[in-house]
Amino acid sequence: METNPYYRSFKHTLLLSFVLVIPFLILCVMGIFDSYILQVFDTSIGSLFYNRGSDLLTKIVIAFTTIGNPMSVALIVLAIAVLVLVIQRDWKSTLWYILTVFLGAAVLNSLVKNVFQRVRPELTHLIEQEGHSFPSGHAMGAVIYFGALAYLIYYFSQNKSSQVKQSLMGLTVIFVLLMGISRLYLGVHYPSDVLGGYSLGSAFLVLAIDYHRRWLRANKSSKF
């Protein structure tokens with residue numbers, strides 16, 4: 001079994017996923033013990049972004065952050081799923097994308113939020129925001145649904161050059177960073193909430209992508 005390349009690849013995936021989730025685990029421990037270092041980190045970093053702009057910038061940030069709202073994500077995922085199904089005729093990838101976003105950005109995030117039940121920052125929120133704070137659903141969701149989309153684009157791309165891969169990764173990183181910053185700007189999350197969402201979301205996405213590869217490899221006739 002040790003010589004099986006699929007087994008070795010899966011071990012590497014598990015290792016990468018574990019490395020990516022380490023910041024989330026550290027933040028969990030620091031949050032449980034109400035770490036002073038965590039408080040300083042959240043206060044000092046958060047103040048760099050909170051409401052640092054004009055009224056016009058605030059309107060732009062509010063419009064941008066709505067992309068990560070549950071209803072917006074649901075519509076985006078539905079549209080992408082339809083496109084994959086109609087254009088690529090690939091029901092497995094369609095189902096994979098829907099389940100990846102639903103299980104990661106919705107179910108897992110909600111479960112973790114309910115476990116820690118962290119109260120949102122005591123700031124004037126520039127938008128109405130309910131629910132708990134840790135980890136940020138917008139940050140975690142952006143990693144998962146935009147990262148999974150970038151993966152599918154690369155997967156179906158006829159040109160799988162390193163340049164295409166780097167461009168997709170670059171766009172994903174920019175989008176994810178902006179989504180996290182928007183939550184800090186609006187005062188609805190601590191920096192540790194955003195970092196925790198990035199960490200947990202990345203770890204989940206790595207496992208999901210690995211499963212997609214193995215699923216399709218197990219059955220080449222995934223298209224109808």
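Atom set for the values below is all heavy atoms of this structure, side chains included, hydrogens, waters and symmetry mates excluded.
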Check: [X]/[Y] side-chain N/O donor and acceptor closer than 3.5 Å:
{"X": "Ser93", "Y": "His212", "answer": "yes"}
{"X": "Tyr145", "Y": "Thr100", "answer": "no"}
{"X": "Arg120", "Y": "His189", "answer": "yes"}
{"X": "Arg52", "Y": "Ser47", "answer": "no"}
{"X": "Thr13", "Y": "Asp210", "answer": "yes"}

Can you give me the closest heavy-atom contact between [X] and [Y], atom names plus distance?
{"X": "Tyr155", "Y": "Asp90", "value": "CE2-OD2, 4.2 Å"}
{"X": "Ala203", "Y": "Ser17", "value": "O-OG, 3.0 Å"}
{"X": "Trp96", "Y": "Tyr211", "value": "CD1-CD2, 4.3 Å"}
{"X": "Ser192", "Y": "Phe41", "value": "N-CE2, 3.9 Å"}
{"X": "Arg183", "Y": "Ser136", "value": "CG-OG, 4.2 Å"}
{"X": "Ile181", "Y": "Phe49", "value": "CG2-CD2, 3.7 Å"}

When you look at [atom1] of [X], are more than 12 heavy atoms from neighbouring residues, nucleotides or ligands closer to it than 6.0 Å?
{"X": "Phe102", "atom1": "CZ", "value": "no"}
{"X": "Asn114", "atom1": "CG", "value": "yes"}
{"X": "Ile32", "atom1": "CD1", "value": "yes"}
{"X": "Glu122", "atom1": "CD", "value": "no"}

Kindly indicate whether the side chain of [X], heavy atoms from C-beta on, has any atom under 4.5 Å from the side chain of [Y].
{"X": "Val143", "Y": "Phe146", "value": "no"}
{"X": "His125", "Y": "Leu186", "value": "no"}
{"X": "Val29", "Y": "Leu25", "value": "no"}
{"X": "Leu123", "Y": "Tyr50", "value": "yes"}
{"X": "Leu111", "Y": "Val115", "value": "no"}
{"X": "Asp193", "Y": "Pro135", "value": "no"}
{"X": "Met140", "Y": "Val194", "value": "no"}
{"X": "Ser54", "Y": "Leu57", "value": "yes"}

Residues clustered with Ile87, ILVMFWY side-chain links under 4.5 angstrom: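 Besides Ile87, the hydrophobic cluster comprises Leu83, listed by chain and residue number.
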Is [X] reaching over with its side chain to a backbone N or O of [Y], donor-acceptor style, under 3.5 angstrom?
{"X": "Ser72", "Y": "Gly68", "answer": "no"}
{"X": "Tyr97", "Y": "Val84", "answer": "no"}
{"X": "Ser157", "Y": "Tyr154", "answer": "no"}

Please determine whether residues [X] and [Y] belong to a single hydrophobic cluster, defined as Ile, Leu, Val, Met, Phe, Trp and Tyr linked transitively by side-chain heavy-atom distances below 4.5 Å.
{"X": "Phe18", "Y": "Val112", "result": "yes"}
{"X": "Val19", "Y": "Phe10", "result": "no"}
{"X": "Phe33", "Y": "Leu195", "result": "yes"}

Geometric cation-pi criterion Arg118 and Tyr190, 6.0 Å radius, 45° cone: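 The answer is yes, since Arg118 meets both limits relative to Tyr190.
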Test of ring centre spacing under 6.0 Å for Tyr151 and Phe156: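 Ring-ring flag for Tyr151/Phe156: false, centres at least 6.0 Å apart.
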Aromatic contact, Phe134 with Phe24 (centres under 6.0 Å):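 Yes, the ring of Phe134 comes within the 6.0 Å limit of the ring of Phe24, centre to centre.
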Chi angles and distances behind the side chain to side chain contact (heavy atoms under 4.5 Å, CB included) call for Ile67, His138: CA-CA 9 Å; Ile67 299 175; His138 279 65; over 6 Å; no
Residue pair Phe175, Phe64: steps toward the ring-ring contact (aromatic ring centres under 6.0 Å, His included) verdict: CA-CA 10 Å; Phe175 178 85; Phe64 176 76; 5.6 Å; yes
Sole residue of Leu108, Val21, Leu20 in side chain to side chain contact (heavy atoms under 4.5 Å, CB included) with Phe204: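 It is Leu108; the other options fail the test.
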Check against side chain to side chain contact (heavy atoms under 4.5 Å, CB included), Val119 and His132: CA-CA 6 Å; Val119 179; His132 303 301; over 6 Å; no
